[in-house]
Number of protein chains: 4
Amino acid sequence: MKHLFKTLVVFATGITSVFAQLPEPGFIIDEHTAIVITDPQIDFLSPQGVAWGAVGESVKENNTVENLETIFKLGEEYNIPVFISPHYYYEHDHVWQFEGTLEKLMHNISMFDRGDQLNVKGFEGSGADWLPRYKKYIEKDRVVVTSPHKVFGSESNDLGLQLRKQKIDKVILAGMSGNLCAESHMRELIENGFEVAVVGDATASAKLPGLDGNQAAQTNYKLISSKLYTTEELVKELKMLKKM
Amino acid sequence: MKHLFKTLVVFATGITSVFAQLPEPGFIIDEHTAIVITDPQIDFLSPQGVAWGAVGESVKENNTVENLETIFKLGEEYNIPVFISPHYYYEHDHVWQFEGTLEKLMHNISMFDRGDQLNVKGFEGSGADWLPRYKKYIEKDRVVVTSPHKVFGSESNDLGLQLRKQKIDKVILAGMSGNLCAESHMRELIENGFEVAVVGDATASAKLPGLDGNQAAQTNYKLISSKLYTTEELVKELKMLKKM
Amino acid sequence: MKHLFKTLVVFATGITSVFAQLPEPGFIIDEHTAIVITDPQIDFLSPQGVAWGAVGESVKENNTVENLETIFKLGEEYNIPVFISPHYYYEHDHVWQFEGTLEKLMHNISMFDRGDQLNVKGFEGSGADWLPRYKKYIEKDRVVVTSPHKVFGSESNDLGLQLRKQKIDKVILAGMSGNLCAESHMRELIENGFEVAVVGDATASAKLPGLDGNQAAQTNYKLISSKLYTTEELVKELKMLKKM
Amino acid sequence: MKHLFKTLVVFATGITSVFAQLPEPGFIIDEHTAIVITDPQIDFLSPQGVAWGAVGESVKENNTVENLETIFKLGEEYNIPVFISPHYYYEHDHVWQFEGTLEKLMHNISMFDRGDQLNVKGFEGSGADWLPRYKKYIEKDRVVVTSPHKVFGSESNDLGLQLRKQKIDKVILAGMSGNLCAESHMRELIENGFEVAVVGDATASAKLPGLDGNQAAQTNYKLISSKLYTTEELVKELKMLKKM
């Protein structure tokens, strides 16, 4: 009945107005909500990183490095569980017989390279390591670092399981890169039945000739997620919630 | 060793040039290649469909309806297996307790509605039915229609399994809508280990104020897939392959 | 610290006693709990069904038909949401290029056959239809019938998503057949982060020369799930909960 | 037509004989075939391991330690790619809010414990390390060690992707423990569209009062996989193939 009523409204108001004003599903932060950060690693976020030539402009425009730090701090201040989904490529990943365009590029530039999961020689300070300023937030007992994702999404790691094992069903998502790993995580988490909000300016994306990854990411966050925050809006929202 | 060599080249040639010229993984169509079409349904592709107000402009610009028909014909002419992944919402999907923005919109406008999977009353000619001009291609023994996807990607249906059960490991992807279902299928198929090429102008996407879904989709196809074709390029490629 | 303490206890009490008394994780039925039934269909549960020769003995021994009906009634009485995951094979599934042993058998005997998902001709009363006595429970608005699973588990359908969309995180599982579809659903739901209890005597399994599927199923339910109920225990548990 | 014919045969020969003689799908080892080994680790395979009290009897009966070594040697001799799916529990896995029965047990006895994925302190020779006699096979470039699975199946790691990235579509499966990780891997790989053969006596399972895990595993391997080998049969099969 409710359903039928909705249909009638659509036709009464005209189909066009339906699209002029998108619905707002909303996102209520509660004790089952976690923060998920993808790839807070040197290769993406530092001028020393191998991908800086592609993403640096967007990182600076969005103020991503500072915004991600703000989110780490919010996690501590409001006691919101934090999950990190990193990107590592091991030696044996370099024998893959096929890759997509950016996968191939990442392999070509030795991005996120690490020997293997039982080998940490040379890892510290390498492009695969955490951005130094985030280490004090990540290296705490309360933070879960999942197995690495191997393409862009969380299909190939234990992020979904780790969230469920802590009875999390809502995710505030941020991290690198915007239209690749962060967006693929958003899509997979939603297919997995999580409610997902994205902090748009706590991501950044490759900008290449004729290809604006940031525009793509922000468009899809808006259309697909339950809520698109700026970092500032998230700060305000949490402040307000605490008062209640 | 090969791997180390690549790294050296990167530094010798300068990091910037790496991004100026994207690698081309390539995509070789062979007997393990299938065509996958998402949502070739009235609600997206006909002025009578409920989503036409959002996607109609892009459908016309890309010439999507004709291009998809060309791809159906190529499937028959070159004996390439065709798999359709449709979108249906059943009565019970309207009690979901949460949805993302466009999911909510699709439910509000009764898009793709159908009673349930054992009920075809009123289905024929409804918005959930195939675009009439495609019926002669789809309603053949050789075409596999998978279970419906329920958000945007193939995570919730049997597309991956159906492809593997026919020993398919490469997919030529097209269909509606570009940045939602087609793109989520692309991402999920790649995470699942398929090689994926996309036919960019055989998709179309919502264009809403400040949100250009088509631009987002085309950007991500280029960066993520192994190959981005136009329909015309695909026609030529297959013609050439046949001669060989 | 807690973790270290556990280790010490293990060594203090001797490793053997650890295994003599299995831990009991427990399972608390609450408003986020649903009932999931696999394959409540004629081909498994009726002497007219094509698989009766294999599973009939176990169905009779476990009193499965009556026990499943009891569970359907409990769902109505205590307002526990019910999800059905059916098994259908369409025409196009018969061109699969490979199958496991029992998959092949099911195809050979035309089990669960149906034209396709847009075709219900001849479905009513066929082996793929619900056992008639269950129809009055299943054909209600409150019951969600998911897309069919295509091998044994819920990997290829939307069961996980449908449960999450109703904020379900615990499942009481029963249905056919015990060591194939019910067990694969148990395993997949657990990997997906659900808490799962199984009603052991509301399942039944093939018993073939040298192969006791029921023994296998009951063993694995006990070792893998959070709780193994008999139907009678479940009835008592719910009665007790209501009083509280 | 072929399909209809099968049905007629069933009725002509009588339903019972269908089940007396199971079909044999067969399994042809070719260049797209890999060996997958689950959990070849001290905690399962050594009298020093924490699970020996539960699985030791079955390990000795099946001659699992030697049979797994034979399979590692076959991989090298016939140049069959080898993939290892290990089991590690990190500190943060001990805060999970729920577990199934054997999951809980494994956590209680500190099985497979390791600090985290960036920490190898104390790992060498711990229960989570490889059985020493296997190290010479595993620590080679050609062997892929996937991310750890976190419950029993490969749903939460990158095994499926790693196999596909090397164009593998058939798996010869063995390892520990038989009815938990090996069987869950078998089921998940099959749902993922791989052809799977199992080497039954290169697995072993917990035997607890009233619960024979090995019987359960062997029954389900036979009914679900494409082929159940003994190690000896696999040796012969490969010898024969080489001659051809």
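Order of the sequence lines fixes the chain letters, A, B, ..., with proteins taken first and strands second; residue numbering starts at 1 for each chain.
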Most heavy-atom pairs under 4.5 angstrom with chain C, which of Val144(B), Asn119(B), Val143(B)? Val144(B)
Is atom CD of Glu124(B) surrounded by more than 12 heavy atoms (other residues, nucleotides or ligands) closer than 6.0 Å? no
May I ask you to decide if Leu161(B)'s main-chain N or O and Lys150(C)'s side chain share a donor-acceptor pair within less than 3.5 Å? no
CG on Asp158(C) to OG on Ser147(B), rounded to 0.5 Å: 7.5 Å
Kindly check if the number of other-residue, nucleotide or ligand heavy atoms within 6.0 Å of CD1 (Ile28(C)) is above 12? no
Check the surroundings of atom NZ in Lys239(B): do more than 12 heavy atoms from other residues, nucleotides or ligands lie under 6.0 Å from it? no
Contacting region of Val145(B) [heavy-atom separation from chain C under 4.5 Å]: both
Do His92(C) and Gln166(B) have side chains that approach each other closer than 4.5 Å (heavy atoms only, starting at C-beta)? no
Decide yes or no for Thr146(B) and Tyr90(C): does some side-chain heavy atom of the first lie under 4.5 Å from some side-chain heavy atom of the second? no
Sort Arg142(B) into side chain, backbone, both or neither according to what part of it lies under 4.5 angstrom from a heavy atom of chain C. neither
Quick one, Arg114(C) and Leu118(B) - any side-chain contact, counting heavy atoms below 4.5 Å? yes
Quick check: do Val120(B) and Gln117(C) have side-chain heavy atoms less than 4.5 Å from each other? no
For Phe98(B), is it the side chain, the backbone, both or neither that has a heavy atom under 4.5 Å from a heavy atom of chain C? both
Sort Glu139(B) into side chain, backbone, both or neither according to what part of it lies under 4.5 angstrom from a heavy atom of chain C. neither
Between Glu155(C) and chain B, with a heavy-atom cut-off of 4.5 Å, which part of the residue counts as in contact: side chain, backbone, both or neither? backbone
Glu91(C) and Asp141(B): side-chain contact (heavy atoms from CB on, under 4.5 Å), yes or no, with the steps? CA-CA 8 Å; Glu91(C) 288 287 332; Asp141(B) 277 359; 5.8 Å; no
Check whether any side-chain heavy atom of Lys165(C) lies under 4.5 Å from a side-chain heavy atom of Glu103(B), and answer yes or no. yes
Just do the side-chain contact (heavy atoms from CB on, under 4.5 Å) check on Asp93(B) and Gln162(C) with the steps written out, would you? CA-CA 8 Å; Asp93(B) 299 334; Gln162(C) 293 287 355; 2.9 Å; yes
